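Below, chain A is the first sequence line, B the second, and so on; all start at residue 1. None of these values were measured; they are calculated from a predicted model.
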2 protein chains.
Amino acid sequence: MPSPRKYSVGVDLGGTNLRAVAVSDDARVLGKISGDTNLSAGRDAVIKDMVNAIRKLDDACGGGDLAGVGVAVPGFIDMKRGFIVGSNNLPQFDRFPIRDEMNRLLGKPVILENDANAAAMGERWLGAGREVDDLVLLTLGTGIGGGVILNGKIFHGSIGMAGEFGHMTVYPGGNPCGCGNEGCLEKHASATAITAMARLMQLGESVPAREVFRIATEETGDRQWRAIRIFEKMGEALGIAIANLVNVFNAPLYLLSGGPLPAWDLFAPAMLDEVKRRSFTFRNSKTRIERAVLGNEAGLFGAAYLPLAGHTLLPHHLEIEEN
Amino acid sequence: MPSPRKYSVGVDLGGTNLRAVAVSDDARVLGKISGDTNLSAGRDAVIKDMVNAIRKLDDACGGGDLAGVGVAVPGFIDMKRGFIVGSNNLPQFDRFPIRDEMNRLLGKPVILENDANAAAMGERWLGAGREVDDLVLLTLGTGIGGGVILNGKIFHGSIGMAGEFGHMTVYPGGNPCGCGNEGCLEKHASATAITAMARLMQLGESVPAREVFRIATEETGDRQWRAIRIFEKMGEALGIAIANLVNVFNAPLYLLSGGPLPAWDLFAPAMLDEVKRRSFTFRNSKTRIERAVLGNEAGLFGAAYLPLAGHTLLPHHLEIEEN
């Protein structure tokens with residue numbers, strides 16, 4: 001294999017898994033490392049693990065030109081100062097200058113990005129959004145996150161909090177949320193919400209979303225009907241939110257990703273019915289609502305894309321230090 | 001007065017009023033013309049009126065350099081082809097190539113823009129949004145329109161239908177809307193919605209919004225209480241919608257304009273309470289929600305700004321013909 005002209009390393013730092021990938025600027029995967037996020041060993045150990053993984057990938061790509069490193073993390077990012085603000089999954093990193101520290105250790109540009117934003121960029125680069133400049137991604141998990149790509153760039157909003165779709169109000173008098181609101185999308189359509197509805201529907205106290213899916217597809221009678229109804233309710237809530245997003249963004253493509261995606265056939269019909277009814281923009285345009293295709297690697301590849309795209313990816317008022 | 005280096009003409013073509021203004025690139029008003037939109041005389045007569053007004057202003061500015069003309073119109077704009085699609089107020093102009101026709105008659109670049117988008121740009125240039133790069137405007141009238149400025153540019157969406165805030169769902173089982181949805185913001189917070197609520201609250205069959213405002217501020221007892229309650233309900237609906245917009249855009253500034261604005265003190269407290277409760281982004285940032293300041297001239301000045309900003313205002317995939 002000839003040395004690539006230019007490549008980058010993407011890192012996905014989750015609360016459980018730490019992954020890194022080296023990708024050439026023509027989108028060839030040059031190497032990959034996966035492991036656990038060793039949070040119990042402390043923050044510095046995790047940073048060391050990341051730096052070692054990046055160096056290992058860089059060595060294996062010897063002869064190329066490492067453009068930089070993109071790091072996807074859960075939580076809000078202070079883009080200007082390059083740190084995480086209030087992440088539930090990585091509390092040790094709260095307000096620690098992770099970007100500058102990695103930059104110092106590696107001697108390469110480092111870009112820190114929210115994982116849902118990175119996933120949206122990954123889908124746009126290598127996944128379901130390759131042919132569009134604008135897309136909106138909703139990531140369904142224990143909560144619901146979001147990423148927005150406008151004109152091929154991640155849309156951050158003024159302080160990096162744009163795309164908080166999980167806390168859009170879909171039912172003004174709906175389920176209470178820890179954020180202080182009620183009727184938040186993620187209280188009606190996340191994996192957590194599926195489990196909560198399963199409790200209300202007397203399917204069990206703590207039935208995981210995938211078990212509700214199994215009941216809906218493999219059991220019969222009243223239990224099956226209840227499980228199917230749960231996914232319909234999930235679809236309705238998603239439909240209300242996505243209709244609003246279509247009316248607001250008028251993007252050509254809306255993507256869904258995350259654990260509940262295998263239940264697409266159970267929730268998507270109700271979702272699409274709501275969007276059709278609630279958005280004349282949807283009815284009068286070629287707006288597509290589809291499954292993301294990169295699974296849990298979208299953020300990893302999106303992170304790898306960031307250094308290759310250079311500073312054009314950043315809002316005009318921000319600057320990333322280059323050494 | 002010395003001749004300006006460069007100036008433009010903005011036109012606001014409404015269903016009732018036709019206005020034009022000449023503005024220098026340093027924001028001096030050089031001349032103004034107001035009249036009726038003579039729709040009964042036919043489309044060509046209205047175009048002639050516009051062209052005559054523009055030439056008159058241009059003549060009065062003799063010696064300067066007319067950069068171009070911006071025309072604000074109600075309805076969706078097909079930005080690529082330069083015409084209005086489905087305007088309730090200007091049916092004679094539906095799908096007529098108004099931009100190219102005016103360009104042909106004037107020999108100057110002409111930019112066609114939705115009136116709410118133009119108003120958002122006007123507020124950003126000369127009004128309440130002068131110090132921000134991103135803002136979201138909601139225009140309250142018989143319906144509710146919207147305009148979004150991102151990075152100092154009008155955000156159009158993929159086919160020019162972005163910012164349809166009037167048809168965001170705020171109450172999933174709410175009032176029916178002609179768009180086919182129910183619970184649309186404009187069915188709960190527009191001037192029309194105020195009149196409808198006045199009917200439900202037995203204040204009269206067709207009480208205009210300004211009369212409901214008078215009852216709320218000048219009468220006493222039960223009638224006053226009902227009128228006040230109507231504005232509170234309006235504020236709650238606006239708050240739900242704006243909280244969602246804060247969660248989606250994370251813009252530093254949200255503006256409201258239109259007829260019901262004098263009732264700000266009646267609806268704003270309920271609105272702000274909802275936004276606070278429904279958006280932790282709002283609670284954790286310096287997001288401002290304020291009155292627009294240019295009144296019904298925002299669109300006129302925004303239209304005038306467009307030719308001065310040049311093609312950088314347009315999405316990268318669009319081109320405006322210049323002759």
Side-chain angles (χ1 to χ4, degrees), chain A residues 76 85-86 132-134 136 146 148 150-152 155-174 177 179-184 236-237 239-241 243-253 274 276-281 283-287 315-317, chain B residues 76 85-86 132-134 136 146 148 150-152 155-174 177 179-184 236-237 239-241 243-253 274 276-281 283-287 315-317:
Chain A
F76 293 116
V85 184
V132 298
D133 286 333
D134 302 342
V136 174
V148 179
L150 298 180
N151 277 347
F155 175 65
H156 289 105
S158 66
I159 57 165
M161 293 176 89
E164 261 307 303
F165 304 140
H167 297 281
M168 288 179 75
T169 301
V170 289
Y171 296 113
C177 181
C179 79
N181 189 17
E182 58 203 21
C184 287
E236 287 166 20
I240 293 169
N244 281 348
L245 294 175
V246 171
N247 291 342
V248 164
F249 282 115
N250 178 212
L253 181 64
E274 289 292 318
K276 266 178 215 151
R277 189 157 65 95
R278 298 190 184 277
S279 173
F280 61 80
T281 299
R283 297 197 302 273
N284 290 289
S285 64
K286 287 173 188 145
T287 309
H316 65 285
H317 56 289
Chain B
F76 292 117
V85 184
V132 298
D133 285 334
D134 303 340
V136 174
V148 179
L150 298 180
N151 276 347
F155 174 65
H156 289 105
S158 66
I159 58 165
M161 293 175 89
E164 262 307 305
F165 305 140
H167 298 281
M168 290 178 76
T169 301
V170 288
Y171 296 113
C177 181
C179 78
N181 189 16
E182 60 202 19
C184 287
E236 287 166 22
I240 294 169
N244 282 346
L245 293 175
V246 172
N247 291 341
V248 164
F249 282 115
N250 179 211
L253 181 63
E274 289 292 319
K276 265 178 217 151
R277 190 158 63 96
R278 299 189 183 277
S279 175
F280 61 79
T281 299
R283 296 198 302 272
N284 290 290
S285 63
K286 288 174 186 144
T287 309
H316 65 285
H317 56 288

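By number of non-hydrogen pairs under 4.5 angstrom with chain B, the leading residue of A:Met161, A:Glu236, A:Arg278 is A:Arg278. Ranked by heavy-atom pairs under 4.5 Å with chain B, the list A:Thr169, A:Val246, A:Leu150 is led by A:Thr169. Considering only heavy-atom pairs separated by less than 4.5 Å from chain B, the leading option among A:Lys276, A:Glu182, A:Lys286 is A:Glu182.
For B:Ala251, the part lying near chain A is the backbone, with the side chain staying farther off; criterion is any non-hydrogen pair under 4.5 Å. If you measure heavy-atom distances from B:Ile240 to chain A, the contacts under 4.5 Å come from the side chain alone. Within the 4.5 angstrom heavy-atom criterion, no atom of B:Val136 approaches chain A.
Formation of a donor-acceptor pair under 3.5 Å by the A:Asn244 side chain with backbone atoms of B:Met168 is not found in this model.
With contacts defined as side-chain heavy-atom distances shorter than 4.5 Å, the pair B:Pro172/A:Glu274 does not qualify. Contact of the B:Phe165 side chain with the A:Asn247 side chain is not registered, since no non-hydrogen atoms from C-beta on lie closer than 4.5 Å.
Taking CZ of B:Phe155 as the reference point, atom CG of A:Asn250 lies at 7.5 Å (rounded to 0.5 Å). With rounding to the nearest 0.5 Å, the separation of CZ in B:Phe280 from SG in A:Cys177 is 8.0 Å.
B:Ile159 and A:Asn284 get closest at one heavy-atom pair: CD1-O, 4.1 Å.
Taking the six-membered ring for Trp and thresholds of 30 and 60 degrees, B:Phe249 and A:Phe249 have ring planes inclined between 30 and 60 degrees apart.
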